[in-house]
Amino acid sequence: MQHSEVAPKFDLDLTQPEPMPQQSIDRATELMHTGRLFRYGETAPGELNDAAQLERRFAEMLGRQFAAGVNSCGAALFLALRSSGVRPGDKVLVNGYTLAPVPGAIEHAGAVPVLVEVTENCTIDLQDLVRKAIDSGARTLLLSHMRGHISDMDEVVGICAKHEITLIEDCAHTLGASWNGKLTGTFGAAACFSLQTFKHINSGEGGILVTDNEDLAARAILHSGSYMLYGQHAARPPESSFEKLRGRIPNYSLRLSALAAALALPQLDLLPGRAERMNASYRCLEQLLRSVAGVHVIERPAKEQFIGSSLQFRLPGLSGAQIADFVAICQVHGLGLKWFGATRMEGFTSRPSQWEYVANAKTLPQTEKLLATLCDMRIPPSMEEQHCRQAAQIITHALRHTMGTGDRGHAVPGANKSTVTKDQE
Ligand SMILES: *Cc1c(COP(=O)(O)O)cnc(C)c1O
């Protein structure tokens, strides 16, 4: 039988976001009629801008006292570092499996990223964390729950307490997810969320910082560009926290627009339904892929209540060139996968050894080995069981085809020789 006959065409566009709910469209239109797209204004007292309403909802949802909206999660991470006392030259621990804006936020704050290894399960390597905490003397850990993978938070919190490390969580993919019943975003001094199109709530661009620390919250709000209009925030610390800081906090103009907040607000009510649908697809795909020879799905701990907005799997038996082939074949069948092992940074995907501005970027052999064979599939809420079946069939077909090509892969341009050698060891 021809391979091309066994694999169907994938009939879902994984890059297609959900349409805006009608309520978002209505509210945005209403706002546009007023022209008040800037969150601050000399308005009647008691009127609450959409941005302030969104911040209040986030704080309530997470059970945290304060929230500050900004223009991206990357900006929120930068502000969390800056406002928690990180100074230029300070070292900041961060897991090596993360998205480029995360080490970028550390660099933005003038600080020095100290990359920490991750395990085969895509979570932070606790032993390496302890070792690097001691060796570097870093006093901050920026823990990125990359692609929704939540590290053992009991252990992480314990290590941070023991070594006097301030924990900041990157929750770009874990809005509504928990560790052992406790929501992510509630474990550290501050946590940051993303409202970017491919996260759980889509306002195009946007980020939210949450914290219970009055000083951190006041600094973040002032830094974000609130001028002296911080009184128009609802989830904010008391006046006295701002008074203490008057004139000492530069305005970085990282504001959340009222329009973005208007789009985001009605989506909060849709979160549980979206999470349920994505998790159903995740479990379905996971089960199907478990029975495909050569595919290793990432094991999820029982204590992790994740939101399956994407699924990662490893292809440990394949060389870099073969995985490049595999991804290309899937693409031919309409299934767009990402791969963390490509020779060059492509699209959204990169790995530590490609962040050349980071001093210890090339010292994470364990993480590089994982990422060399790690593939990634987005799971939009619109995905159905039939799509999961199609995806599994295409992956099976592409793998068979790739393995059948044997060593041919070595000749493929762009093949990563070092990866090939490593995988063959
Ligand atoms: C998307 C993402 C970010 C950055 O979010 P932006 O809002 O695009 O700045 C940070 N961390 C992770 C893990 C992400 O997935």
Side-chain angles (χ1 to χ4, degrees), residues 14-15 17 51 54-55 58 67-82 92-109 113 115-116 118 122-124 141-151 156 167-177 184-185 187-188 190-210 220 224 252-257 259-261 263-264 267 278 298 304 306-312 338 340 345-352 355 358 367 371 374 376-380:
L14 294 180
T15 65
L54 182 68
E55 290 162 344
F58 253 83
V70 285
N71 57 8
S72 73
C73 177
L77 293 168
F78 159 70
L79 282 186
L81 294 168
R82 194 84 185 80
V92 174
L93 297 154
V94 58
N95 43 318
Y97 178 44
T98 185
L99 208 69
V102 179
I106 299 172
E107 157 75 17
H108 190 181
L115 299 172
V116 179
V118 295
C122 295
T123 54
I124 199 161
L141 166 63
L142 177 46
L143 182 66
S144 181
H145 305 305
M146 174 66 167
R147 291 294 199 264
H149 292 277
I150 308 172
S151 301
V156 168
L167 173 63
I168 293 166
E169 293 177 78
D170 166 17
C171 300
H173 271 299
T174 60
L175 179 55
T184 63
F187 287 92
C192 303
F193 296 83
S194 178
L195 309 178
Q196 189 244 74
T197 294
F198 295 111
K199 314 298 164 134
H200 301 169
I201 287 182
N202 173 14
S203 67
E205 290 276 14
I208 307 272
L209 177 157
V210 298
S224 76
Y252 294 145
S253 264
L254 302 170
R255 288 172 298 271
L256 176 67
S257 104
L259 191 57
L263 293 175
Q267 294 178 57
M278 293 188 287
I298 304 298
E304 183 193 28
F306 61 90
I307 296 186
S309 54
S310 68
L311 179 138
Q312 288 69 45
K338 298 200 175 62
F340 288 95
M345 300 162 78
E346 299 286 354
F348 293 115
T349 314
S350 63
R351 62 177 185 277
W355 307 329
V358 176
T367 302
L371 298 183
L374 190 71
D376 174 62
M377 181 174 161
R378 189 177 277 154
I379 300 181

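Order of listing sets the numbers, starting from 1, for every ligand and every atom in it. None of these values were measured; they are calculated from a predicted model.
- The shortest non-hydrogen separation linking Ala264 to Ile201 is CB-CG2, 3.8 Å.
- For atom 8 (O) of ligand 1, the nearest protein heavy atom (residue, atom name, distance) is Gln196 NE2, 3.4 Å.
- Nearest protein heavy-atom neighbour of atom 1 (C) of ligand 1: Lys199 NZ, 1.4 Å.
- Scanning the protein for heavy atoms near atom 7 (O) of ligand 1, the closest one is Ser194 OG, 2.7 Å.
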From CA spacing to verdict: side-chain contact (heavy atoms from CB on, under 4.5 Å), Leu256, Leu195: CA-CA 10 Å; Leu256 176 67; Leu195 309 178; 4.2 Å; yes
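- Atoms of ligand 1 found under 4.0 Å from any heavy atom of Ser144 (numbered from 1 in listed order, with element): 13 (C).
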Are His173 and Lys199 close enough, and set up right, to give a side-chain contact (heavy atoms from CB on, under 4.5 Å), and what steps lead you there? CA-CA 6 Å; His173 271 299; Lys199 314 298 164 134; 3.8 Å; yes
Test side-chain contact (heavy atoms from CB on, under 4.5 Å) on Leu141 and Ile124 and set out the steps. CA-CA 11 Å; Leu141 166 63; Ile124 199 161; 4.1 Å; yes
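- Atom 5 (O) of ligand 1 has Cys73 CB, 3.2 Å as its closest protein atom, hydrogens excluded (heavy atom only).
- In terms of protein heavy-atom proximity, atom 9 (O) of ligand 1 is nearest to Gly74 N, 2.8 Å.
- In the vicinity of His173, heavy-atom distances shorter than 4.0 Å reach the ligand 1 atoms 15 (O).
- Listed by number with element, the atoms of ligand 1 under 4.0 angstrom from any heavy atom of Val102 are 10 (C), 11 (N).
- Among protein heavy atoms, the minimum distance from atom 13 (C) of ligand 1 is reached at Asp170 OD2, 3.3 Å.
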Could you walk me through whether Leu115 and Thr367 pass side-chain contact (heavy atoms from CB on, under 4.5 Å), step by step? CA-CA 10 Å; Leu115 299 172; Thr367 302; over 6 Å; no
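- The atoms of ligand 1 that sit less than 4.0 Å from any heavy atom of Ser72 are 7 (O), 9 (O).
- By the 30° and 60° cut-offs, the orientation of the rings of His149 relative to Tyr97 is tilted.
- The minimum heavy-atom distance between Leu99 and Met146, with the atom names listed, is N-SD, 3.6 Å.
- Remark: ligand 1 atoms within the under-4.0 Å shell around heavy atoms of Pro101 are 4 (C).
- The aromatic rings of Phe78 and Tyr252 sit tilted relative to each other, their planes meeting at an angle between 30° and 60°.
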